[in-house]
Amino acid sequence: MKKMNYSTIIVTYNRSEKLVQAVNSHLTQTIKPQKIIIVDNASTDGTNTLFESGGVFYKNDNILYHPLRSNIGGSGGFQVALEKAMLTETDWVLFGDDDAYFDADYVENLYDTYLSLNSSEKIGVLTGTIKKFSTHNVELGSRSKIRNVNYVLLTPLTEEEYKTDTNIDVFTFVGPMIKTKVIQKVGNIHSDYFIHYDDSEYSLRIKERLFKSINVADAVVFHDSEGAKQLPIRDWRLYYDIRNRSHMMILHGKANKFFKIIAVILLAMRTSKSVLIRKKPSNYRYNIMAIICGLRDALAQRMGKNEKFLP
């Protein structure tokens, strides 16, 4: 019997129905996780009842449920989950999501690919192919290569590249399996990002330490996120997008700092132009302010949750 010593981490917030399907996809893996660690970002939809008496996951010894008193964002939630996973004496950590459903042979496909690789290579991360749950089309943009190291500009994998196992530089936190030895060297997730780009920034640190990340074509996970990607008219997420992407560029770009600052200002200007085109006039001020504040705080290195920009 094949054996891979790993634990799975999931961060959830108000998606109890999807969470059931997501967790079940881990429980039914052909190579099962040592533990499934679920961090609940203070959900208000009754997520906790799934783990209480009468709940579908009540007294499941494979599951560790950790409810938080407040919502610390996906970034903070993943850091808490990662700390819990590192206490399980596991060799790998698989990052899941509360709206991601893994094929039963997902981990087995990762493991088979790992065994086939040259043992002298510094393989730190194995990821799989993300497909949209509704259409089964590849979710382009979730796995990328760096095309410009000076300003951390990325090029997503093409559909053709997803057909074979391929080296990647940057990945989202949907489906990566990371060695615990790599996590120990790379350190903590930027929990002060709150949401967005925490995964990209973590990927860059892994690459900078010369560990390889490989996307495995036959390992498939379905992402049920179409509804979540419908942008609200008053888009509070713009603040974190601009701030965290700018912070990441300044932190990891190889260009002179002056030119990186110019680049993040241009990024904010391009985003503002896009907002003016697609948003309703009554919300221009809010959305442009989110972008301006995000840029300002990135340059000042003011991170964390901003109470002015929340759902």
Side-chain angles (χ1 to χ4, degrees), residues 6-27 29 32-52 55-102 106-107 125 127 171-180 182-184 186-203 221 223-225 228 237 240 244 303-305 310-311:
Y6 75 100
S7 288
T8 296
I9 60 175
I10 299 172
V11 178
T12 189
Y13 178 69
N14 282 351
R15 289 181 182 156
S16 58
E17 291 186 6
K18 291 183 178 181
L19 179 63
V20 171
Q21 187 170 348
V23 173
N24 281 331
S25 76
H26 293 285
L27 290 172
Q29 287 294 308
K32 300 189 184 306
Q34 180 180 341
K35 293 292 180 183
I36 300 172
I37 299 162
I38 300 168
V39 170
D40 184 352
N41 249 326
S43 294
T44 58
D45 67 343
T47 294
N48 60 299
T49 62
L50 299 175
F51 307 92
E52 296 173 350
V56 64
F57 299 127
Y58 180 58
K59 286 190 174 180
N60 187 314
D61 293 335
N62 286 1
I63 297 175
L64 301 177
Y65 174 64
H66 299 278
L68 301 178
R69 293 183 178 181
S70 62
N71 187 343
I72 59 175
S75 309
F78 270 119
Q79 177 55 34
V80 171
L82 192 59
E83 291 171 3
K84 302 291 185 183
M86 296 298 280
L87 297 175
T88 63
E89 298 183 355
T90 184
D91 296 328
W92 298 80
V93 177
L94 175 62
F95 286 65
D97 206 348
D98 59 2
D99 58 358
Y101 318 134
F102 290 69
Y106 184 89
V107 173
V125 183
T127 69
F171 50 83
T172 66
F173 278 159
V174 178
M177 178 87 83
I178 307 179
K179 274 185 178 178
T180 53
V182 173
I183 294 168
Q184 289 166 349
V186 172
N188 295 337
I189 296 166
H190 256 299
S191 56
D192 55 0
Y193 273 26
F194 189 63
I195 62 166
H196 296 180
Y197 288 99
D198 51 320
D199 41 18
S200 299
E201 194 280 330
Y202 203 72
S203 307
V221 53
H223 202 192
D224 190 5
S225 64
R237 290 173 291 189
Y240 299 99
N244 297 347
M303 308 302 286
K305 179 166 65 174
L310 294 173

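What's counted below: heavy atoms across the whole structure, side chains too, no hydrogens, waters or symmetry copies.
Between the side chain of Thr127 and the backbone N or O of Gly175 there is no donor-acceptor pair closer than 3.5 Å. Looking only at distances, a side-chain donor or acceptor of Gln79 sits under 3.5 Å from a matching main-chain atom of Ile189. Side-chain atoms of Ser7 do not come within 3.5 Å of backbone N or O of Thr90 as any donor-acceptor pair.
Between Phe95 atom CZ and Leu82 atom CG the span is 5.0 Å, to the nearest 0.5 Å. One finds the CE atom of Met86 at 10.5 Å from the CD1 atom of Ile37 (value rounded to the nearest 0.5 Å). One finds the NZ atom of Lys179 at 9.0 Å from the CG atom of Asp91 (value rounded to the nearest 0.5 Å). To the nearest 0.5 Å, the span separating OG1 on Thr12 from NZ on Lys18 amounts to 10.5 Å. Taking CD of Gln21 as the start and CG of Asp224 as the end, the distance is 7.0 Å to the nearest 0.5 Å. In this structure, CG in Leu50 is found 9.5 Å from CD in Glu17, a value given to the nearest 0.5 Å.
Tyr13 approaches Ala42 most closely through the heavy-atom pair CE1-O, 3.7 Å. Closest of all the heavy-atom pairs between His190 and Ser75 is O-CB, 3.5 Å. Of all heavy-atom pairs between Ala100 and Ser25, the closest is O-OG, 4.0 Å. Considering all non-hydrogen atoms of both residues, Ala85 and Ile9 come closest at CB-CG2, 3.8 Å. Contact record, Asn71 with Lys305: O-NZ, 3.0 Å, taken as the closest heavy-atom pair. The two residues Glu89 and Gln34 come nearest to each other via the heavy atoms O-OE1, 4.0 Å.
Scanning for ring-ring contact (aromatic ring centres under 6.0 Å, His included) contacts around Phe194 gives Tyr240, with sequence neighbours left out. Taking Asp97 as the reference, nothing meets the salt bridge (Lys or Arg N to Asp or Glu O under 4.0 Å) condition, with sequence neighbours excluded.
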Could you go through Arg237 and Ile195, starting from their C-alpha distance and side-chain angles, then the distance that decides it, and tell me whether this counts as side-chain contact (heavy atoms from CB on, under 4.5 Å)? CA-CA 8 Å; Arg237 290 173 291 189; Ile195 62 166; 3.7 Å; yes

Show your working on side chain to side chain donor-acceptor pair (under 3.5 Å) between Ser43 and Asn48 and close with a plain yes or no. CA-CA 8 Å; Ser43 294; Asn48 60 299; over 6 Å; no

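A tilted orientation is assigned to the rings of Phe102 and His26, their planes being inclined by 30° to 60°.
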Side-chain donor-acceptor pairs of residues 56-70 under 3.5 Å, sequence neighbours excluded:
from  : atom 1 : to    : atom 2 : distance (Å)
Asn60 : OD1    : Asn62 : N      : 2.9
Tyr65 : OH     : Asp40 : OD2    : 2.6

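Within the 4.5 Å cutoff, no side-chain heavy atoms of Leu27 are placed close to those of Lys32. Side-chain atoms of Asp199 and Phe78, non-hydrogen and from C-beta on, never get closer than 4.5 Å to each other. You'll find the side chain of Asp198 stays beyond 4.5 Å of the side chain of Asn244, heavy atoms only.
Other residues, nucleotides and ligands place more than 12 heavy atoms under 6.0 Å from the CD atom of Glu52.
Of the residues Asp98, Asp45, Thr49, Thr47, the one that meets the side-chain hydrogen bond (donor to acceptor under 3.5 Å, both in side chains) test with Ser16 is Asp45.
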